Amino acid sequence: MAAGFKTAEPLEYHMSFLKENCRPDGRELSEFRTTTLNIGSISTADGSALVKLGSTSVICGIKAELANPTVEAPGKGYIVPNVDLPPLCSSRFRPGPPGEQAQASSQFIADVIESSEIIKPEDLCIDRGKLCWVLYCDIMCLDYDGNILDACIIALLAALKNTRLPKVTVNKVTCKPEIDLKERHELPVHKHPVGTSFCIFQDSILIVDPTADEESLSTSRLSVVTDEEERLCSLHKPGGTSLSAEKLQTCINRATARQREIQKLIEKVLNSVEAAQ
């Protein structure tokens with residue numbers, strides 16, 4: 001009976017739960033799905049992390065390459081994020097070039113990197129005007145069940161914290177870079193941005209960490225990114241119905257609490273990885 005109701009009238013099915021202040025999966029409206037984190041799982045990457053947010057799974061691998069700085073920014077390196085939503089993660093994605101959601105997600109991550117100053121481009125410069133690091137941050141969704149942006153930011157932050165760059169010196173005689181793979185150093189991560197995504201139903205009911213079904217049925221979506229200083233780094237609202245100032249403040253308050261939870265989780269996992277080495 002319930003399965004038939006859900007298939008025939010998915011919105012009514014969801015609303016029957018939301019009106020009782022709970023959700024079809026048993027969560028409260030402001031409750032996140034279980035978040036698990038695995039760090040350093042890709043041995044061929046310079047840094048990596050695997051995040052599971054309920055059924056949504058995202059892996060981030062970071063590859064550092066040497067390059068020439070741009071003429072406009074001779075003292076800076078750069079970061080190139082790419083979010084991949086392949087057909088293997090959900091039947092909603094098709095083979096071929098990146099779709100609209102993957103492109104929008106990549107742009108969102110690029111904006112968060114810039115606005116939060118998670119990594120300072122100056123720290124990636126090796127020899128001004130001659131040599132710098134480029135960090136290719138490939139974020140792939142393995143299993144899609146909504147709230148991809150939150151999972152991507154956690155995976156990126158954890159992978160950056162896990163990244164170790166080899167020591168590079170420029171030979172004075174040949175002017176060529178010399179790489180010491182045995183001597184590696186951590187990447188200076190200056191800020192710890194964390195995203196919190198919401199969906200709004202019937203312009204008034206607010207839920208956190210939406211599933212794919214909840215995203216498709218909602219009237220509006222919102223992602224709030226804050227850092228450890230409770231600074232608002234990014235606010236992403238792709239269309240939909242408007243949000244009152246009071247509701248927006250509720251979202252920001254929930255996001256700052258979530259930031260503390262995730263930062264603790266990342267530190268805990270990093271400490272356990274270091275202890276095991």
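The shown structure was predicted, so the numbers you read here are calculated from the model rather than taken from an experiment. One is the number of the first residue; the rest follow in order along the sequence. Hydrogens, waters and symmetry mates play no part in the numbers below; they use all other heavy atoms, side chains included.
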Verdict with reasoning, Val83 to Met140, per side-chain contact (heavy atoms from CB on, under 4.5 Å): CA-CA 6 Å; Val83 177; Met140 182 187 276; over 6 Å; no

Side-chain heavy-atom pair Leu50, Val58 within 4.5 angstrom cut-off: no

Worked verdict on Ser218 versus Ile200 for side-chain contact (heavy atoms from CB on, under 4.5 Å): CA-CA 6 Å; Ser218 65; Ile200 297 105; 5.9 Å; no

Listed once per pair and sorted, the salt bridge (charged side-chain N to carboxylate O under 4.0 Å, His left out) pairs that draw on residues 250-264, sequence neighbours left out: Glu230-Arg260, Arg254-Glu261, Arg258-Glu261

Worked verdict on Ile139 versus Asp84 for side-chain contact (heavy atoms from CB on, under 4.5 Å): CA-CA 6 Å; Ile139 306 170; Asp84 188 12; over 6 Å; no

Hphob cluster co-occupancy, Ile39 + Leu156, side-chain heavy atoms under 4.5 angstrom: yes

Gap separating the SG atom of Cys137 from the CD1 atom of Ile109, nearest 0.5 angstrom: 9.5 Å

Atom pair CG/NE2 of Leu160 and His190 - distance to nearest 0.5 Å: 11.5 Å

Reference residue Val134; test side chain to side chain contact (heavy atoms under 4.5 Å, CB included); the match among Ile79, Val80, Asn68, Leu66: Val80

Donor-acceptor under 3.5 Å (Gln259 side chain, His192 main chain): yes

Heavy-atom check, side chain of Lys268 versus side chain of Ser272, under 4.5 Å: no

Which residues share a salt bridge (Lys or Arg N to Asp or Glu O under 4.0 Å) with Lys237, sequence neighbours left out: none

Where at least one partner belongs to residues 106-119, residue pairs that pass side chain to side chain donor-acceptor pair (under 3.5 Å), sequence neighbours excluded: Gln107-Asp111

Within one Ile-Leu-Val-Met-Phe-Trp-Tyr cluster: Ile62 and Leu37, side-chain cutoff 4.5 Å: yes

Backbone N/O of Ser197 and side chain of Ser223: donor-acceptor pair under 3.5 Å: no

Mutual orientation of the aromatic rings belonging to Tyr144 and Phe93 [parallel < 30°, tilted 30-60°, perpendicular > 60°]: perpendicular

Lys/Arg N to Asp/Glu carboxylate O, Lys191 vs Asp227, below 4.0 Å: no

Co-membership, hydrophobic cluster, residues Val208 and Ile154, 4.5 Å side-chain: no

Under 3.5 Å donor-acceptor, Asn162 side chain and Ser48 backbone: yes

Backbone of Gly75 reached by a side-chain donor or acceptor of Glu122 within 3.5 Å: no

Value rounded to 0.5 Å, distance of OG in Ser242 from CG in Leu248: 11.0 Å

Basic-acidic side-chain contact under 4.0 Å: Arg184, Asp46: yes

Same cluster (ILVMFWY, side-chain, under 4.5 Å), Tyr78 and Leu124: no

Expected output: side-chain Asp145 to main-chain Ala212 donor-acceptor under 3.5 Å: yes

Test item: Ser57 side-chain N/O and Leu53 main-chain N/O as donor-acceptor pair under 3.5 Å: no

Ile148-Leu222 co-clustered via ILVMFWY side chain contacts under 4.5 Å: no

Side chain to side chain, Ile179 and Pro166, heavy atoms closer than 4.5 Å: yes

Within-4.5 Å side-chain heavy-atom neighbours: Glu215 and Thr211: no

Thr70 (side chain) donor-acceptor with Ala73 (main chain) under 3.5 angstrom: yes

Leu187 and Leu135, any side-chain heavy atoms less than 4.5 Å apart: yes

Asn271 vs Glu267, side chain to side chain donor-acceptor pair (under 3.5 Å): CA-CA, chis, key distance, verdict: CA-CA 6 Å; Asn271 290 337; Glu267 297 299 340; 5.2 Å; no

Step-by-step side-chain contact (heavy atoms from CB on, under 4.5 Å) determination, His185 to Leu165: CA-CA 5 Å; His185 61 88; Leu165 297 179; 3.9 Å; yes

Lys/Arg-Asp/Glu bridge criterion (N-O < 4.0 Å) met for Lys52, Asp143: no

Within-4.5 Å side-chain heavy-atom neighbours: Lys130 and Pro69: no

Criterion side-chain hydrogen bond (donor to acceptor under 3.5 Å, both in side chains) against Asp209, the qualifying member of Asn147, Thr35, Thr196: Asn147

Thr250 (side chain) donor-acceptor with Glu246 (main chain) under 3.5 angstrom: yes

Residue pair Ile59 / Ser41: nearest heavy atoms and the distance that separates them: CD1-OG, 4.3 Å

Side chain proximity check, Leu217 to Phe201, heavy atoms < 4.5 angstrom: yes

Reported CG-to-SG distance for the pair Asp123 and Cys132, which is rounded to 0.5 angstrom: 12.5 Å

Carboxylate-amine/guanidinium proximity below 4.0 Å for Asp25 and Arg27: yes

Atom pair CD/OG of Gln202 and Ser220 - distance to nearest 0.5 Å: 13.5 Å

Distance in Å, Leu270 CG paired with Glu186 CD, rounded so as to fall on 0.5 Å steps: 8.5 Å

Side-chain touch Val225/Leu235, heavy atoms, less than 4.5 angstrom: no

Side-chain ion pair, Glu214 and Arg23, N-O less than 4.0 Å: yes

